[in-house]
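Because the structure is predicted, anything quoted here is derived from the model rather than measured.
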Amino acid sequence: MIRDDLAAAVLDALRALGVDPLPATVAMERPARREHGDWSSNVALATAKKAGRNPRELAAELADHLNAHPPAHVTAVELAGPGFLNFRLAPTWLHDVLTTVVDEGVDGYARSDLGEGRTVNVEFVSANPTGPVHAGHARGAAYGDALARLLDRCGYGVTREFYVNDRGVQMQKYGASLAARKAGEEPPEDGYLGEYVVAWAAEMPDGVDPVAWGEDRALQDQRETLEAFGVDFDVWTRELSLVDSGAIEATLAELRALGKVYEADGATWLRSTEYGDDKDRVLIKSDGELTYLMPDIAYHRDKFSRAERLINVWGADHHGYVARMKAAMQALGHDPDELEVSIVQMVDLLKDGAPVKISKRSGELVELRDVVDEVGADAARLTYLLQSIDSRQTVDLAVVASQGMENPVFYVQMAHARIHGIARRAAEAGVVRAGLDEVDLGLLVAERELDVLRSLSELPEVVRVACEDRAPHRVTSWVRELAGAFHGFYHDCYVIGDDVPAELTQARLWLVESARVGLSIGLDLLGVSAPESM
RNA sequence: GCCCUCGUAGCUCAGCUGGAUAGAGCAGCGGACUUCUAAUCCGCCGGUCGCAGGUUCGAAUCCUGCCGAGGGCGCCA
């Protein structure tokens with residue numbers, strides 16, 4: 001890659017100039033301003049002090065040396081500002097990018113071995129099996145799935161997992177609510193009041209256990225809805241299966257053997273304060289019932305037996321739970337850093353201009369199924385992936401459903417549709433794309449053309465950083481940028497036409513192909529479809 | 001009181017882990033269609049990066065303290 005080539009050349013120059021000590025890394029970056037060249041480095045500023053040199057003088061000497069021994073594609077190296085080195089490159093470096101993109105293709109370009117084949121388990125959504133998946137779950141669903149896609153592209157062995165909390169009082173209340181509705185009665189105190197309970201109760205056969213039947217019904221609904229949203233899980237783990245397998249007992253026994261639990265006030269406690277938690281936590285209540293925490297510890301222990309690293313996607317209302325779970329894993333001998341928790345901040349939902357409060361118990365909710373039906377999975381997913389999970393998000397369903405300019409999903413999908421529009425036009429005109437090695441990419445010199453290639457050149461870095469930072473929204477930003485560059489190209493540079501020379505048409509067809517590859521990769525990472533026409 | 005996240009243009013948000021004159025989209029104003037989709041493109045307008053210190057060649061970015069918003073501090077899940 002050009003970045004590494006330039007960095008290596010700078011390092012050689014530093015060595016040739018006798019700079020000591022040499023920096024561990026040479027930073028190369030894309031300057032924000034075009035007049036600062038195609039690439040720049042702050043290496044003189046960063047190393048001058050330790051080497052006992054004046055930054056500007058050092059930069060000047062480096063520039064001289066590099067101009068005397070220019071790396072491939074470099075036409076000029078300039079000293080600028082307090083000691084920056086600005087590199088100007090011939091467009092050939094971007095033609096190389098094009099070749100790389102189309103050679104490596106959708107499957108190969110912007111892939112990395114960051115993960116080195118390590119296994120990672122991403123657990124997300126994990127809605128209780130007491131009702132449908134609602135809009136409150138959707139942000140975590142879109143995030144978790146996009147993160148899994150990123151990890152996969154970066155060389156991790158990924159498992160998408162859904163944890164089913166099918167044990168405990170909520171299930172009993174849910175079952176009782178179903179039974180009451182079936183009998184034509186109101187749900188009990190603290191029961192589930194949603195309309196869906198009425199509908200499902202009407203489906204429920206006579207003589208079945210309402211809790212077990214209700215769980216299956218809810219899971220079926222959740223699975224269908226998530227599938228329609230583009231999210232497929234590899235593993236669904238039921239809490240009851242941990243009871244049946246003895247995993248909970250085994251985990252408790254292990255913690256006891258390790259001396260990490262004690263009895264007090266009639267309850268059984270975990271010594272989580274030994275590992276940085278604020279207070280010790282109850283595992284078994286004084287009435288003999290397990291807390292939520294105990295099976296969850298067993299569950300995480302189980303996940304660690306199946307994957308080297310765990311990533312939990314939790315809502316902000318669960319962040320207080322992180323310290324105790326990490327403590328529990330540490331007590332069991334795991335490295336707490338191998339348990340990551342991505343905290344997704346809350347979503348404020350706006351429907352018809354008014355805020356919607358989500359509450360499954362009261363039945364006041366917007367089902368994800370309805371959102372997908374109304375606005376489509378693509379628009380919904382892109383909306384949720386528009387911004388960092390660290391920021392609280394306001395989702396206005398009217399905006400997501402709109403086909404106007406305020407909705408970015410059409411902007412990016414349109415770019416992809418236009419690419420295929422060009423292909424259709426080429427077919428009509430009888431233009432056949434020649435082999436890449438027979439085409440003169442040197443004809444691609446217009447700024448609009450080069451902008452597309454510049455954007456494509458950044459994708460591998462974007463994917464790597466997005467993966468490392470667990471930040472799929474960076475991919476969203478990039479996709480919008482590439483789409484913008486492509487629309488500009490599309491507007492100004494005709495690919496097929498009487499006044500476009502045949503050679504230029506050929507070069508541009510390959511440019512279009514490289515844009516198609518880039519857009520396909522980006523949209524796929526987000527789980528957004530790439531339509532061929534709109 | 002303690003912990004987590006956020007505070008950047010009228011609105012919604014980026015900002016590549018410290019770089020040069022802080023960027024997009026929307027909204028507003030003004031332009032561009034005989035040609036591959038005008039669901040597009042171009043220009044203009046718009047900022048004490050919450051406030052105050054600190055770290056250094058250099059801070060929206062890192063540290064500390066305040067202010068404001070949201071979330072969390074159960075033998076609930």
Whole-angstrom distance between B/A9 and B/G47, as gauged at atom P | 10 Å
Can A/Arg281 be said to sit on top of A/Trp269's aromatic six-ring, NZ or CZ under 6.0 Å from centre and within 45° of the ring axis?
-> no
Integer-rounded Å distance: B/U37 C1' and A/Gln413 CD | 14 Å
Reading 5' to 3' through nucleotides 18-23 of chain B, protein heavy-atom contacts under 4.0 Å coded B for base, S for sugar-phosphate only, - for none | -BBB--
Assert yes or no for the condition that the ring centre distance of A/Tyr143 to A/Phe124 is strictly below 6.0 Å.
-> no
RNA chain B nearest-nucleotide lookup for A/Gly168 and A/Tyr490: closer to the 5′ end is A/Tyr490
Distance in angstrom units between A/Arg480 CZ and B/G15 C1', rounded = 14 Å
Considering only the C1' atoms, how many Å lie between B/G10 and B/G46, rounded to the nearest integer?
-> 8 Å
What integer distance in Å separates A/Met171:CE from B/C76:C1'?
-> 17 Å
Near A/Glu274 CD, under 6.0 Å, is it more than 12 heavy atoms from other residues, nucleotides or ligands?
-> yes
Rounded distance in Å between the P positions of B/A60 and B/G53 | 14 Å
Nearest-nucleotide 5' precedence on RNA chain B, A/Arg425 against A/Arg448 | A/Arg425
Is A/His491 stacked on the base of B/A38 when the test is centres under 5.5 angstrom and planes under 30 degrees?
-> no
Greater than 12 external heavy atoms within 6.0 Å of A/Asp498's CG | no
Reckon A/Gly421 touches a base, only the sugar-phosphate, or nothing at all at heavy-atom distances under 4.0 Å?
-> sugar-phosphate
Could you work out the separation of B/C45 and B/C29 based on their C1' atoms and round it to a whole Å?
-> 7 Å
Tell me, please, whether A/Trp39 has A/Arg3 positioned over its six-membered ring: NZ or CZ under 6.0 Å from the ring centre and within 45 degrees of its axis?
-> no
Using the C1' atom in both, what is the distance from B/C13 to B/G18, to the nearest Å?
-> 23 Å
Given the rule in the salt bridge (Lys or Arg N to Asp or Glu O under 4.0 Å) test, do A/Arg474 and A/Asp469 qualify, once you have shown the distances and angles that lead to the verdict?
-> CA-CA 9 Å; A/Arg474 293 212 161 133; A/Asp469 289 0; 2.5 Å; yes
Using a 4.0 Å heavy-atom cut-off across all strands, classify A/His473 as base, sugar-phosphate, or nothing.
-> sugar-phosphate
Whole Å only: how far is the CZ atom of A/Arg281 from the P atom of B/G72?
-> 15 Å
Short side-chain N/O contact from A/Lys285 to OP1 or OP2 of B/G74, under 4.0 Å | no
Going by atom types only, do A/Gln393 and A/Arg139 share a side-chain donor-acceptor pair under 3.5 Å?
-> yes
Take the protein atom NE2 of A/His420 and the nucleotide atom P of B/U37, then report the distance between them rounded to whole Å.
-> 13 Å
When all nucleic acid strands are considered with a 4.0 Å heavy-atom cut-off, which category describes A/Ser286: base, sugar-phosphate, or nothing?
-> base
Does CD in A/Glu189 sit with more than 12 non-hydrogen atoms of other residues, nucleotides or ligands closer than 6.0 Å?
-> no
Rounded P spacing from B/G28 to B/C11 in Å | 15 Å
Separation of the P atoms in B/A59 and B/G50, to the nearest angstrom | 15 Å
Expected label for B/U61 (glycosidic angle, syn inside 90° of 0, else anti) would be anti
Does A/Tyr292 lie flat on the base of B/C76, that is, centres under 5.5 Å apart and planes under 30° off?
-> no
Look at all strands and tell whether A/Ser533 reaches a base, only sugar-phosphate, or nothing, counting heavy atoms closer than 4.0 Å.
-> base
Using the C1' atoms only, state how far B/U8 lies from B/U35, rounded to an integer number of Å.
-> 43 Å
Taking the side chain from A/Asn42 and the backbone from A/Phe84, do they hold a donor-acceptor pair closer than 3.5 Å?
-> no
Name the nucleic acid region contacted by A/Asp469, choosing base, sugar-phosphate or nothing; use a 4.0 angstrom heavy-atom cut-off, strictly under.
-> base
A/Val465 side chain, from C-beta outward: closest of B/C75, B/C16, B/A14 | B/C16
Stems for RNA chain B (at least 3 consecutive Watson-Crick or G-U pairs, under 3.5 Å) come to B:1-7 with B:67-73, B:10-13 with B:23-26, B:28-32 with B:40-44, B:50-54 with B:62-66
What is the distance, rounded to the nearest whole Å, between atom CE of A/Met414 and atom P of B/U40?
-> 8 Å
Does any donor atom in the side chain of A/Tyr174 or A/Asn128 lie under 3.5 Å from an acceptor atom in the other side chain?
-> no
What's the CH2-P distance between A/Trp269 and B/G74, to the nearest Å?
-> 10 Å
Would you name the heavy atoms of A/Trp93 and A/Ser457 that are closest together and state the gap between them?
-> CH2-OG, 3.9 Å
For A/Arg448 and A/Asp492, what are the C-alpha separation, side-chain angles and deciding distance, and is it a salt bridge (Lys or Arg N to Asp or Glu O under 4.0 Å)?
-> CA-CA 7 Å; A/Arg448 293 297 210 179; A/Asp492 285 3; 3.0 Å; yes
Would you mind building the protein contact string for nucleotides 2-9 of chain B? One character per nucleotide, 5' to 3', B for base within reach (heavy atoms under 4.0 Å), S for sugar-phosphate only, - for untouched.
-> -BSSS---
CG/A/Asp302 to CD1/A/Ile248 distance, rounded to the nearest 0.5 angstrom?
-> 10.5 Å
Return the nearest nucleotide to the side chain of A/Tyr494; candidates are B/A14, B/C75, B/C36.
-> B/C36
OP1 or OP2 of B/C41 under 4.0 Å from side-chain N/O of A/Tyr411 = yes
Round to the nearest Å and state the distance from A/Ile422 atom CD1 to B/U40 atom P.
-> 16 Å
How about A/His420 and A/His416: are their ring centres within less than 6.0 Å of each other?
-> yes
